[in-house]
Structure formats: structure tokens, C-alpha cells
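None of the values given here were measured: they were computed from a predicted structure. Residue numbering restarts at 1 for every chain, and letters A, B, ... go by the order of the sequence lines.
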Amino acid sequence: MGTAASRIYLSLLFWVTGRAVQAAWRTDREVRREFDRLPDLFSFRLSVYPSGPGLTIMKKEGTVRYIRQGEEGPADLHMMIKSLSHGMSLFTFQESTALSASRGRIAIYGDLSYACSIVRVLDRVEIYLLPRVIAKRAVKRYESPPAKHRKRFMIYLRVLFSP
Amino acid sequence: MKELMQEKSMAFRIGPSLFSGWKALSHIPFELSRRRAQHPCILHRDDEEGAYLTRALRSCLKQEGISAVSLTEAMELPGEHDSIIAAGRGSVQRRAKQLAAPEIPLFSVLSDIQDCREAGRDEGLRHPDAVFIDPASFQPCITKLTADSALTALAVCTEALQQDRIHSLLYSIVRTGLKFLHQGAPWDGSMESRLCTANACAAAALVRSNSPPGAVTSVSEALHASAFCLRSEASAALLPPLVQAMVNRQCSSLEILSREIGNGAAYILDILEGLRKPSGCDARQSDILHFAFNTFQTSKKNHAGQILDLFSTIDEGAQS
């Protein structure tokens with residue numbers, strides 16, 4: 001895939017994932033529990049080096065918000081994917097986040113324990129967003145959450161229509 | 001029960017960062033930026049291997065908007081560069097290590113054809129900061145050359161095991177090198193076996209940086225320099241007696257390897273046997289043994305004891 005097409009694909013995927021994290025925080029108890037462990041005003045950014053697409057999530061006054069690109073400040077935790085091609089491997093679900101990190105394709109700036117929490121959140125969100133066959137490749141361990149289909153429907157609705 | 005050396009004190013030179021596998025070259029722009037370098041100079045061999053590596057490298061840098069000057073090893077470096085990327089084996093890596101000032105990042109882009117020196121310290125020179133091995137940049141396979149590199153790596157790793165006082169850090173890298181070589185079989189020129197060879201050679205280079213060359217490596221290089229035979233042919237001829245000598249004197253490192261995998265000597269000889277055919281090393285084995293024996297039996301220079309020990313084993317084998 002060409003560079004421009006990769007950028008468009010990743011931008012779209014980051015937008016969906018960012019809004020899905022926000023929606024999953026409202027819908028899923030496990031995701032909410034992970035965010036409860038993080039301090040207030042905690043912000044997390046996932047982006048592609050050097051100036052590729054990215055997403056920023058911020059926990060502020062007890063709520064979790066997806067911040068649009070361009071409106072974000074410096075993040076407490078920054079996970080940087082080292083190149084577009086590595087980003088494509090990760091987000092076309094050829095390899096999981098854990099595998100990608102173990103292959104040195106993601107650089108992490110910030111507290112590693114927070115990074116582990118965020119990876120668990122992203123895995124959970126991917127389980128909701130993706131069909132089982134694809135999600136199994138994308139996450140470290142696939143665990144089907146209770147009432148998955150109802151929550152998945154809610155998350156998709158909130159991704160599309162929530163402010 | 002024999003154990004590895006107890007590490008009350010030891011010395012080990014940690015080598016470069018190693019990025020290996022598909023898309024390994026895509027790490028380069030980030031690794032350059034991490035070291036605050038933006039204007040790399042690519043130094044490459046003036047042959048097909050250099051052309052393939054450089055083409056892949058340039059396309060990868062271009063994707064991230066980095067422009068690089070590209071030179072062959074014979075040319076002088078331009079004034080404006082803040083890092084060097086050496087693409088290819090042997091001489092180009094040595095030249096890059098000589099040219100790169102200590103504060104300048106030095107990267108190596110390697111293929112499956114190596115001298116097992118590139119990724120380590122080469123005769124007192126610095127080691128590269130990072131090594132990249134990406135199958136996408138390999139030239140079309142020349143099985144003989146790949147097998148040649150694998151045999152050199154096998155000789156280096158086996159010789160390191162010969163030392164009884166090997167410590168666990170070095171042992172783990174030797175073991176990794178042997179594992180890659182074993183995984184590479186059968187040596188059919190598939191991308192998997194070529195990648196295994198490239199990784200094994202990088203491991204062997206680290207072993208060389210931390211362990212003095214033994215009899216087989218020294219003799220092989222001397223025979224290679226005298227143009228009597230290729231380094232790999234000499235290694236293939238001299239390794240079986242070396243392994244036999246190690247078994248005879250119950251070499252402790254070999255016994256530890258045997259505890260892990262069954263029979264250490266057979267494991268090494270298996271790898272060697274798999275490599276003989278693709279490297280074409282069978283034909284002149286007896287010639288090489290005789291030449292080596294005649295040339296080095298009175299050697300009093302480096303490793304004289306080891307060399308005489310090795311050749312006495314060869315001699316016993318020849319007489320029997």
C-alpha cells in the first residue's frame with residue numbers, strides 16, 4: 001500500500017479506535033476499572049513517527065475523552081510506532097500489540113505500568129470492534145466479554161453518534 | 001556435574017542493537033532521529049549485493065523524507081554528514097568503522113553473506129551502533145556464499161565452546177548462534193534459512209568480539225589469505241577433528257551443550273554435514289588437511305598449543 005493510502009487508513013483507524021476507547025469506558029466495566037487506576041489529568045498518545053496520524057486520550061475530572069489531532073498537548077504516556085509500515089502491520093492485524101512491542105516496533109515514553117494498562121484497554125476495545133477471527137490475531141489473549149454483542153452495538157453507536 | 005564458569009568477575013563487551021526480520025530497515029529513520037542524526041551517508045560495496053542493499057535502504061529513508069548521500073567504499077566522505085550507514089559485508093564495514101568518528105552514529109545493513117566480523121569489534125575498531133538485517137534487501141540467493149558464511153559462523157561458535165572457562169553471557173550467544181544455524185537447515189536457499197544464516201553470523205561476530213580466535217579460525221584465515229582455499233573449505237575440513245578433540249578431552253562447555261540438547265558434538269557435526277553440499281566443501285578436504293598440517297605443525301606464533309593439539313588429532317585420525 002502506498003504512503004498516502006497508509007496514512008488515510010491509519011488516520012481513519014485511529015479516529016475509530018480513539019472514539020471506541022471513549023465509548024468502551026462508558027460501556028465496559030473492565031475498561032472503566034483500568035482507567036480508574038490511572039491518575040486524573042492523565043493523557044495518552046499513540047502515534048506514528050515522525051508526523052504520522054495519531055490518537056490522544058485524556059482522563060479529566062473522572063471522564064475519558066478522545067482528543068482530536070491538533071488539539072492535544074504533551075502526553076504523560078506516549079506510545080510511538082516507529083514507522084508507517086510498522087503501523088500497517090499492527091493495524092492490519094498481522095501482529096498483536098504485544099508482539100509488535102517485543103519486536104521493537106513501538107517506542108514507549110512514560111510509565112511502563114500505565115502502558116500495560118493502556119495495552120489491556122486497547123486489546124479489550126479491539127475485541128469489541130473486530131470480528132473474533134481478526135481480533136484473535138490482534139490481541140495477546142482473546143477473552144470474550146459478557147454480553148459482548150449488546151456492548152459491541154452500544155460502542156459502535158457511541159463511536160458514530162456520541163459527541 | 002560440570003557447570004559454566006562462576007562469574008565472580010568477568011568482562012563482556014555488549015554489542016550493537018540488532019534489528020532483524022521483515023521490515024527491519026523501517027527502524028532506521030527512528031533510530032537515526034533518536035541519535036539526533038538527519039543527514040546519513042550511505043557507504044556501500046560496488047557490487048550486486050551493495051546495489052540491492054542500497055536500493056532497499058534508500059527507498060526506506062525516502063518514505064520518511066530523509067535524503068542520503070550514497071558512496072562506494074573507495075570514495076571520500078562528504079563534509080556534510082552526521083551519521084554513516086554501511087551496507088554490505090567485509091571491507092565496506094571495516095572502512096566505515098575506520099571513518100566513523102566515535103560521536104557519529106554508525107549503522108550496518110547486512111545480508112546473509114558475511115565474514116562474521118561486521119556486527120562486532122573488528123581488530124580493535126569500534127562496533128556499529130545498530131545492525132539491520134532485512135530479508136527484503138537480500139540479493140537473489142547464491143547458495144554457496146550463504147553456506148560459506150554459515151560455515152564461518154559455525155567455526156567461530158564451536159571454537160568459543162572449546163574454552164573451558166567460557167562464562168554464561170558468552171555461552172548464551174554461542175548457543176544462539178548454533179541454534180540459528182541448526183534452524184537454517186536444510187540449506188536450500190529459502191529466505192528462512194538465509195535469515196537464520198544472517199542472524200547466526202551476527203551472533204558469531206559478537207562471539208568474536210569477546211573471545212580470541214582459535215586454531216580453526218586462525219588456520220582458515222591464513223589458508224584463505226594464501227589463496228590455497230576458501231575460509232569455509234578450511235573450516236569444513238578442520239572442524240570435525242576439532243570437535244573430536246573436544247570430545248576426547250571432555251570439554252566442559254560441550255558437555256553443558258550436550259546436557260541441553262542431547263549430543264553437542266553430533267549437533268555441531270549435523271550442522272556441518274548439512275552445509276557441506278551447498279558450500280561445495282567436500283572435494284579438497286584431504287588436500288586441505290595435509291596442507292594445513294604441513295604448514296602449521298611447527299607454528300610457534302599465536303595459538304601454537306591449540307594448533308598442535310588440533311593437528312595431533314588430525315594426524316592420529318590420518319594414521320588410523
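- The shortest side-chain heavy-atom distance between A:I67 and A:F44 does not fall under the 4.5 Å cut-off.
- For a residue to count as touching a neighbouring chain, one of its non-hydrogen atoms must lie under 4.5 Å from one of that chain's; by this rule B:S33 touches chain A with backbone and side chain alike.
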task = Given side chain to side chain donor-acceptor pair (under 3.5 Å), test A:S47 with A:H78 step by step and report yes or no.
result = CA-CA 8 Å; A:S47 69; A:H78 192 168; 2.8 Å; yes
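- If you tally non-hydrogen atom pairs under 4.5 Å between each of B:S26, B:G21, B:P29 and chain A, the highest count goes to B:S26.
- For the pair B:F19/B:L25, no side-chain contact is recorded, criterion being any heavy-atom separation below 4.5 Å from C-beta on.
- Residues A:M79 and A:R45 fail the side-chain proximity criterion, which asks for heavy atoms closer than 4.5 Å.
- Using a 4.5 Å cut-off on side-chain heavy atoms (C-beta onward), B:H182 and B:I261 make no contact.
- Residues of residues 117-156 of chain A lying within less than 4.5 angstrom of chain B, judged on heavy atoms, are absent.
- Contact annotation: the side chain of B:H44 approaches that of B:T72 to within less than 4.5 Å [non-hydrogen atoms, C-beta and beyond].
- Between B:R89 and B:E118, no side-chain nitrogen of the basic residue sits less than 4.0 Å from a carboxylate oxygen of the acidic one, so the salt-bridge criterion is not met.
- Within the 4.5 angstrom heavy-atom criterion, atoms from both the backbone and the side chain of A:S89 approach chain B.
- Both the backbone and the side chain of A:R105 come within less than 4.5 Å of a heavy atom of chain B.
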